[in-house]
Structures are given as structure tokens and as C-alpha cells.
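Below: the structure, in C-alpha cells.
FYI, the numbering just counts along the sequence from 1.
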Amino acid sequence: MKQFIRFLPFFSGLYFLLFTASAFALTPNSRTLSQELENFLSQHATNDDTEKHQLAALQQFYVTRNYQPAWINSSSQQSRIETILSFIASADDEGLDSHNYRLQQLLLLATEHSSLSRYELEFRTTLALLQYAHDLYRGRFTASEIDPDWHIPQPDFDFVDFLLRTASSNNLLQSLESLAPNIPSYQLFKKALAKYRELVNNQISWQQIPNVSLLRPGDSHPVIPIIRTRIAQAYETHGKIEYHLVSSEESDKSNRYDINLVRAIKAFQLQHGLNADGIIGKNTLNALNKTPSEKIQQLRISMERLRWLPRDLGGRYLLVNIAGFQLAAVENDQNILDMRIIVGRNYRSTPSFHSRITHMIVNPYWNIPASIARKDLLPKQQQDPGYFNSQKIRVYPDYNYSSAPIDPNTIDWRAIKNRFPYALRQEPGILNALGSIKFMLPNHFSIYLHDTPSKALFNREIRTFSSGCIRLEKPLLLAEFALRTSTSAGKINEQINTGRTVQINLPEPLPTYIVYLTAWVDSQHTIHYSPDSYGRDRHALKFARW
């Protein structure tokens, strides 16, 4: 109820006195609901496809109920209307906007007592619930429209059927609250969103930190007190113990980048997808200068993306976050394993999609895609005629790889221009770009997860170096998780050491969701914020106009 009053400041004791069950009792002279519904539908006829769909759903709802009111027909109608309006008002807490569900109009109708306004309230309440249920369960937007690289189908849901069951439920609020995603990260985002909204509502702004040259531990600079204040504000928002700086008159005014502030900055860098080296440079300053409003937008679009995901992700699954460069292996809603990943370059960006890992290959060959052969490897061979041999890349006449390989020294590589007429394959071994193991999942993008010999790249902050596939920091640990208890990492390592190429089928397929989330949660339930490397948030927010 407190939440309801917070959103509805004009409510007063007088309103609640007027808002009684008797005020909603239908009189014998009232026109029937079916007549009023026919009037309502004719008055709101439209050519807009979305609105036509909503009106059709409205009609279906009341036809199925034999034209009986759902919200204003019982002795408990006052509490039901209050519950519904409070639920709609909570849309802002979910990263949505209560104005989209005509909350103010519903509130005004709720204070009127004519039979016509009662039917208007009934119909508009149903329409608002239909729309809000849709937005909360599967997302306000069509995913593919605001993120063309998102290929995970949004969850299906019969919203009319849901409202029919809800209208008959003995626990209206519980039914309504079941619509939001029930995953820990979504609930944590809600809490952080509320804190940032409170800052904005109270018109609390953060002082922007001016650009400075690199600040290293032990340095002194006039900007240090501002940074210290900013970290204190981060503590108020996230409550991380590392951000809790002991305050004193001397420390607050000190220009010295001391050990306590260094510890806090390292924690801040880690939370914002940066190398936790304690050096305050351009990227760290950019993260420190993110305003509460910008954080709100980042959380809202991340919550929207979570609503696009299937409601049942599975008991065991992988969540591969290409924006956070992070993979989480999840079992029973707990992160069992976290690791860093490398994803596609901007011009070969990794898409968001869903599949299942079915098997893995130890000591894999790399069947090099034609586009990579032509764009990336051909120029290296043209510059260095010994390149293919040095990298153990074999040349074949076609992708069957059934013929004997062609000696690269017999080919005039400089004569090849647009079309690449050969098939390239790299032998297994320490030079192989896929490392010692790869994980196969059927998809239309020819993307898989794999090991890599280039381990140093995992230390970079922005890890967009691949041609679209996903490179893994800890492939053996992922193999152990995927195989459950059937094979240990040690046994897999023994198979790697034999040098033989072996396919290992998983005991059961492992659901894998490759997503783009610039806000995400680790195994310690800490929210992290990542750069929008592919600009997908920027594009989506522009489309959404939040």
C-alpha cells in the first residue's frame, strides 16, 4: 500500500471514503456490459494493428466470461481495484513506464461513480492489464526490431487466458506478480534501479570529474577529493564494503591517492569491466562519470533483454554474455563457474542466439571459413610464402578434405583476387587457432565455443578479437561442467596429450544462451556494468526513446 500511495500523491482519506463497494454496485437500470462493450469497441475503432489486436483481446476476454465484469462486480472490488492500480503503478520499478498503461486515466475513472464510468473503468483496466502483462512477461518491444542481432525467440504467452485465470484467482496480487522474470539478476537490477531513481527524484547529481593524466597509487592531485566523494556515493548505491572509505576531515581534503582509495578504485574497476590495476585513466574516469540517469538507462535495457529470454532456461545452462565478455555456467540458479571470454570484432560481431551444446571435439582441426581465408589469411601468405606451412595450414581443392593437400609453393597466391578457390584447414596442435578443445552447438551462424592459444588477450578490457566465435579462458573446466561427473578435467587433459582428434558426446545437451547484457551479475551477486562495445544498447535506447 505504501508503494501505491507513493505513486499516487493525490489520494486522500476522502478518496478512500468515496471509493466503496456500494459505489460500484450495478443498478437494475444499468445497461448491460455487452452493450457497453459494443459501444466502447465502436468508439475506439482503429487502423493501428497493435490497438486492433488489443481490442480483439478485450472482446475475447468478455465473451469468454459471458459478459460478466471482472473487477467491479464483487464485495471485494475496492481491494481488487486498489491492487490492480498499485500493480500498474509498479511498472516504473520494473524498468517500464506506468504512463504507457494510462494509470492517471484509470485513477480519475476510479473516483467517478456513474454506471458509464464504471464500465469505462472495467474495460480500460482490462486493456491496461493486457498490455502490462504482455510487456512484463515478454518485453515491451519486439526484440528483433530494436536489436537486429538478437535471434532468441521471445516467450509465448496467452495473455487473455492469463487474465481469465487471474480474474478468478483468490490471490490477485500473487497472480500478477508472477509475470516478472523470476531470476536473481532481474531482482538485483530492480533494487539498483530503485536506488538510482531515488537519486534522480531527489535531484542529486554527481560532480563530474575532469580529465586528468594517469593517476597512479601514491600520486597527489587536486581531483582526488572529488574521486573520493564519488566512491562514497558508489557505496551508498551498491553497498560494497570496498567502497566504504573511512572519512575524516584530513582524508576528505587530502590530494593523495592513498592505499584505501586504491583498494576502492580496484573494486570499482572490476565492477565496471576494467582491469583492476588501480591506475586511474580515461576508461576509469568515464566509468566514474556515468550519471545516475545513464545507469538507469543501462539497467532498464538490461531488464528488457532479460524479459526477452525464455522463462524456463533449464536446470543447467550456460549464459554467455558477449557485452560483459563473461560466461557463467549455471545450475539450480547458482553460478557454478565463471570465466572470461573473447568475442567477435565489431565488423564480425557475435550475435545473440540460443542453442544446445551437443558434443565437443578434443584436438580439433580448424576448417577455415572462406571469408577468413580470403580476407585474413591470404594477405599473410602473399606477404610471406612460407606462412601456411609455418602455421600448419593445409591447402585442399575443396571442403571435402578428401583429396591430398596441395603444396602451397606450387600456387601463385598473388594472382588470387576476389574469389578464393581453395579450402584451408589447420592441423591440431599448439598453433591451432581453436586450441585444444571446441564445443559444438547447432546454429545458422557457424559459431562455436573454443579454446585459444592467445591467452594474453584475456587480460584486455575490451575483448573483441575473434571472427565471431567465442574463445574460452577455462575450456577444461567448462568441459568438466558439460560432462557432469562422467569425465574429469584431468582425463580430458590426458586425451589432449595424445594428440588424437576425438569427439566426446555430452550425456545430455547443454542449453546455451548467448546474450548481450551491459549490466550483469556475478556469482557473488554483485552487479557489473560493461561498456556498450557493439553499440546495441545505444541503438535500442534510441528506438525505445526512454
Side-chain angles (χ1 to χ4, degrees), residues 137-139 150-155 178 180-192 270-271 273 299 302-343 350-360 437-443 447-451 458 463 470-489 492 506-530:
Y137 190 87
R138 71 188 306 271
W150 185 279
H151 303 275
I152 304 173
Q154 290 171 264
S178 69
N182 186 29
I183 55 177
S185 55
Y186 186 87
Q187 303 306 319
L188 289 169
F189 290 166
K190 278 183 65 173
K191 292 179 181 179
L270 186 63
Q271 188 181 13
L299 288 166
S302 295
M303 293 171 75
E304 173 74 0
R305 292 182 189 278
L306 290 181
R307 289 189 285 266
W308 295 344
L309 290 174
R311 284 314 172 88
D312 184 8
L313 298 174
R316 303 175 81 252
Y317 61 90
L318 301 184
L319 192 66
V320 183
N321 183 9
I322 51 183
F325 309 110
Q326 197 79 6
L327 177 149
V330 182
E331 184 169 6
N332 298 325
D333 291 330
Q334 299 296 319
N335 285 21
I336 305 301
L337 173 66
D338 291 308
M339 71 179 70
R340 293 176 290 186
I341 61 173
I342 293 168
V343 300
T350 305
S352 297
F353 66 94
H354 165 232
S355 186
R356 300 190 301 171
I357 295 176
T358 55
H359 63 281
M360 56 192 198
I437 188 168
K438 71 174 178 177
F439 300 82
M440 303 303 294
L441 62 167
N443 63 86
I447 284 176
Y448 43 85
L449 285 63
H450 65 88
D451 183 19
F458 288 109
R463 294 190 289 277
I470 295 159
R471 305 179 193 174
L472 304 167
E473 179 188 22
K474 305 170 186 175
L476 288 181
L477 293 183
L478 178 56
E480 196 171 47
F481 177 84
L483 295 169
R484 309 192 79 163
T485 58
S486 60
T487 305
S488 67
I492 297 170
L506 270 58
E508 58 185 47
L510 181 61
T512 301
Y513 303 90
I514 300 175
V515 299
Y516 189 86
L517 295 168
T518 59
W520 53 279
V521 176
D522 66 13
S523 57
Q524 304 303 311
H525 304 293
T526 296
I527 297 177
H528 291 253
Y529 301 93
S530 300

Roughly how far, to the nearest 0.5 Å, is [atom2] of [Y] from [atom1] of [X]?
X: T512; Y: Y448; atom1: OG1; atom2: OH; answer: 15.5 Å
X: I322; Y: I341; atom1: CD1; atom2: CD1; answer: 7.5 Å
X: I183; Y: L319; atom1: CD1; atom2: CG; answer: 8.0 Å
X: L478; Y: L510; atom1: CG; atom2: CG; answer: 7.5 Å
X: W308; Y: M303; atom1: CH2; atom2: CE; answer: 13.5 Å
X: L483; Y: H359; atom1: CG; atom2: NE2; answer: 12.5 Å

Least distance between heavy atoms, [X] atom then [Y] atom:
X: L313; Y: P511; answer: O-CB, 4.0 Å
X: L517; Y: A323; answer: O-CB, 3.5 Å
X: N335; Y: D522; answer: ND2-C, 3.9 Å
X: V515; Y: I152; answer: CG1-CD1, 4.0 Å
X: F189; Y: A519; answer: CZ-O, 3.2 Å
X: L309; Y: W150; answer: CD2-CZ2, 3.9 Å

- For W520, which of S185, S530, S302 qualifies under side chain to side chain donor-acceptor pair (under 3.5 Å)?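 The residue from S185, S530, S302 that satisfies side chain to side chain donor-acceptor pair (under 3.5 Å) with W520 turns out to be S530.
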Check: [Y] main-chain N/O paired with [X] side-chain donor or acceptor under 3.5 Å:
X: H528; Y: L270; value: yes
X: Q271; Y: I527; value: yes
X: R340; Y: F458; value: yes
X: E473; Y: M339; value: no

- Message: If only side-chain N and O atoms count, and only distance matters, is there a donor-acceptor pair under 3.5 Å linking N443 with S355?
- Response: no
- Any chance CZ of R316 has more than 12 other-residue heavy atoms, nucleotides or ligands included, within less than 6.0 Å?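 Result for CZ/R316: enclosed.
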- Message: Does R471 form a side-chain contact (heavy atoms from CB on, under 4.5 Å) with R463? I'd like the steps, not just the answer.
- Response: CA-CA 10 Å; R471 305 179 193 174; R463 294 190 289 277; over 6 Å; no
Less than 3.5 Å apart, which donor and acceptor atoms pair up between the side chains of residues 326-333 and the rest of the protein, not counting sequence neighbours?
none

- Query: Passes side-chain contact (heavy atoms from CB on, under 4.5 Å), L299 versus Y529? Steps please.
  - Reply: CA-CA 9 Å; L299 288 166; Y529 301 93; 4.1 Å; yes
- Task: Check whether NZ of the Lys or CZ of the Arg R311 lies under 6.0 Å from the centre of the six-membered ring of Y137 and within 45 degrees of that ring's axis.
- Result: yes
- Message: Once side chain to side chain contact (heavy atoms under 4.5 Å, CB included) is applied, do any residues pair with L477, and if so which ones, sequence neighbours excluded?
- Response: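 L477 satisfies side chain to side chain contact (heavy atoms under 4.5 Å, CB included) with L337, K474, E480 only.
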- Partner residues of A479 under the side chain to side chain contact (heavy atoms under 4.5 Å, CB included) criterion, sequence neighbours left out: M360, I437, F439, I492
- Task: Apply side-chain contact (heavy atoms from CB on, under 4.5 Å) to V343 and V320, showing your working.
- Result: CA-CA 10 Å; V343 300; V320 183; 5.9 Å; no
